[in-house]
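All remarks here apply to the structure that follows.
Chain naming here is simple, since letters A, B, ... match the order of the sequence lines and numbering starts at 1 in each. What's counted below: heavy atoms across the whole structure, side chains too, no hydrogens, waters or symmetry copies.
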Protein chains: 2
Amino acid sequence: MKHQVTIKDIARKLGVSTSTVSRALKDHPDISVKTREAVKELANILGYKPNMIALNLKHSRTNTIGVLVPEVEHYFFSSVLNGVEEVAYKNNFSVMVFQSNESYMREVLIAQNFLTNRVDGVLASFSKNTHDFSHFKQIIENEIPLVFFDRERGELHADSVIVDDYSGAYHAVSHLISKGSRRIAFYSAPEHLVLGKNRLEGYKAALEDHGITYNPELVYSCDTFDEAEKISRSILKKHDRPDAIFAVNDLTAIGAMKVAKKLGLRVPDDIRFVGFENSRSSWICEPELTTVDQFGFELGKEATGLLLARIKLNTFEYEVERRMMKTQVVVRGTT
Amino acid sequence: MKHQVTIKDIARKLGVSTSTVSRALKDHPDISVKTREAVKELANILGYKPNMIALNLKHSRTNTIGVLVPEVEHYFFSSVLNGVEEVAYKNNFSVMVFQSNESYMREVLIAQNFLTNRVDGVLASFSKNTHDFSHFKQIIENEIPLVFFDRERGELHADSVIVDDYSGAYHAVSHLISKGSRRIAFYSAPEHLVLGKNRLEGYKAALEDHGITYNPELVYSCDTFDEAEKISRSILKKHDRPDAIFAVNDLTAIGAMKVAKKLGLRVPDDIRFVGFENSRSSWICEPELTTVDQFGFELGKEATGLLLARIKLNTFEYEVERRMMKTQVVVRGTT
DNA sequence: CAAATGTGCGCACAAAGTTACGGAAAATTC
DNA sequence: GAATTTTCCGTAACTTTGTGCGCACATTTG
């Protein structure tokens, strides 16, 4: 890397002090118009760019927020990211994105990284395999504002912005029932994720409200395409197979549907499917998938707005907030 | 943000100087074992973390590489990103990811950001709408190593790691011909992207090598799902419709296939499809899409390895390299 | 016992930029 | 013409960490 043009270079060439250059560039009234113009002109010619690192050191802030995300490959998370960037850029903040790849180890390293890089705030969606939260506690102990999104953890001093999983699941299942389904299977996320529990509750409530007894045997732990392909084969071959499957995300629903079609089942006549995400994939598969829109973009904007507000507060004495994003059932060909 | 624990805090509490603390933490032999132990113990208790910002300022490097990417939502780019992170983390580099969203304006801002944040190197895949490259020239003028990936620009002092678009297209089209297709349409990216030109050349070469005359009327500028849905309607209704479509990416191919199926055409009997990407979507659609695997993960690793080597070189006097990644035709149901 | 060597640690400065304070020269006032 | 104010700019301190140099004291050597 070449020697970057500094305020010193300008000062030397003009025969003035660095403080004069600094003030001239910021239109400080103490500096004469002549000097100011000269400084600005030379700064332009030399291509001077203020060194953010020095500024950050002085102000002990970086104007950077760190984002921890399981995998950007998921449509939901990449749409959240778009929302995050939208708001961050408007407020002159940079965004550092880190993927945990659903690995606890990597997540801990990333949290360390946030501390050593002194990010001003953190947006985090922890991995499925995270059961110990001391790395987040460290961030909180350093009084760096932390906002969880999508996946939350109640007992920490951290805000959270999450999808209204309960009502999303409730409406999705109600929709299936209104179409005539009675034996509705649920492919669920691990229950230690609050979202898994909430969706299960929504699922149960919808059943009960429509006079259907909850049957725990219809609930499976399965949240990827591959797993869905694997377990669906045996599930769908049974004579008392479900007449609908509600899955925790779109790809899981699509994986199950693929198996159903291979087994000769007609969608939606023999079996219905509902996903959760409203991803690109949901209108690529055939028939197009009925799904619950999670409004990731809006969630990203909301979470970032909240985080920036916390950062600007400049105190850590705030009441933790928990915001819930609306969802919407998008009805398509699979129901 | 709370006052972070600094080397000074430790020094004050122990009644020694900051330099002693600094050396003690780095096992400098000048420091007595007793002092060293005391320092380390207190550092642990207080939760001391070295301030990277100060270190960066001192060393004028940040151990950070900036990545400019059109959209992480694309499978190809997110898989590249995974490769980038893999290599970067292993070498103790952080990765800052920025999306241009195919917007030239945003790209220029991001390039500025790279400069003010003094990243040590840049990986970039510029937007489709970028025709002026002065923002990249600025990066180069500052002697910050720059590696283009996927999309390249020859005349700049920047390495590039790209997909072998020519041979990918050549083999894809040859495969279609071997299956019996003769009127093969090409849904192409804008030609000012080198990759668009190269794939067109590969397409032409494959046709000619198999004795088929190149017909420019079968080449369309179309590289998104939506556009494909729009233009395919009229194209496929013609009596001299193509008997195969080779598309610049998977989603475009899938969009076209969707229209074909709606028009009652049987895939692959009436019309064949080949995409380019080997994305998740390619095995979600039905029939599963034959496509050209771009090996994004490997490309990301390769590009990052090259960039890190440039950074370590510590001089800007190197011969620019141009690396080509192999591709592979993945045959599935659409051909 | 003096000189030479070794040990352990602090001072000062470096990185780039901001800013309180002070001081010299010019402009104004009486 | 002297006193005061204003204008304009420089000095030095400050953010955190690392390091060359040197100082003070202790130990070893002749």
(message) How many whole angstroms separate atom CG of L55(A) from atom P of dT16(D)?
(response) 15 Å

(request) For DNA chain D, determine which residues of residues 16-41 of chain A have any heavy atom closer than 4.0 angstrom to one of its atoms, and list them numerically. (result) V16(A), S17(A), S19(A), T20(A), R23(A), D30(A), I31(A), S32(A), T35(A)

(request) Would you please classify the geometry between the F316(A) ring and the H157(A) ring as parallel, tilted or perpendicular, with 30° and 60° separating the classes? (result) tilted

(request) Could you go through the side chain to side chain contact (heavy atoms under 4.5 Å, CB included) check for Y104(B) and H131(B) one step at a time? (result) CA-CA 8 Å; Y104(B) 168 70; H131(B) 301 91; over 6 Å; no

(message) Tell me the interatomic distance from L57(B), atom CG, to dA15(C), atom C1', rounded to whole angstroms.
(response) 4 Å

(request) Before accepting this row, confirm whether a basic side-chain N of the pair E143(B)/R118(B) lies closer than 4.0 Å to the acidic partner's carboxylate O. (result) no

(request) Ignoring backbone atoms, test whether Y48(B) places a side-chain nitrogen or oxygen under 4.0 Å from the OP1 or OP2 oxygen of dT16(D). (result) no

(message) Expressed as a whole number of angstroms, how long is the span from R118(B):CZ to dG17(C):P?
(response) 7 Å

(message) Distance criterion of 3.5 Å, no angle test: do you see the side chain of K8(A) paired donor-to-acceptor with the base of dA16(C)?
(response) no

(request) Five pairs at each end of the helix from dC1(C)-dG30(D) to dC30(C)-dG1(D): take the axis at both ends and give me the angle between them to 10°. (result) 70°

(request) Please determine if E141(B) and K137(B) form a salt bridge, counting it only when a charged side-chain N lies under 4.0 Å from a carboxylate O. (result) no

Report all side-chain donor-acceptor pairs from residues 34-48 of chain B shorter than 3.5 Å, counting only partners two or more places apart or in another chain.
unit_1	atom_1	unit_2	atom_2	d
T35(B)	OG1	S32(B)	OG	2.7
K40(B)	NZ	D27(B)	OD1	2.7
K40(B)	NZ	D27(B)	OD2	3.4

(message) In the structure I gave you, are the side-chain heavy atoms of S127(B) and S100(B) within less than 4.5 Å of one another anywhere?
(response) yes

(request) Using distance alone, with no hydrogens and no angle criterion, decide if Q4(B) and N51(B) have a side-chain donor and acceptor under 3.5 Å apart. (result) no

(request) Starting at atom CG of N56(A), determine the distance to atom C1' of dC14(D), rounded to an integer number of angstrom. (result) 16 Å

(request) To the nearest Å, give me how far apart CD1 (I53(A)) and C1' (dT17(D)) are. (result) 14 Å

(request) Starting from C1' on dC9(C), measure out to CG on L14(B) and report it in whole angstrom. (result) 13 Å

(message) In this structure, how many angstroms lie between the C1' atom of dA16(C) and the CE atom of M52(A), rounded?
(response) 12 Å

(message) Check for me whether R310(B) meets the cation-pi criterion with Y318(B), that is, NZ or CZ under 6.0 Å from the six-membered ring centre and within 45 degrees of the ring axis.
(response) yes

(request) Before giving the answer on salt bridge (charged side-chain N to carboxylate O under 4.0 Å, His left out), spell out for E86(B) and K301(B) the whole-Å C-alpha distance, their side-chain angles and the decisive distance to 0.1 Å. (result) CA-CA 7 Å; E86(B) 173 104 354; K301(B) 290 207 288 186; 5.1 Å; no

(request) Write down the distance between CG (N51(B)) and C1' (dT15(D)), rounded to a whole number of angstrom. (result) 9 Å

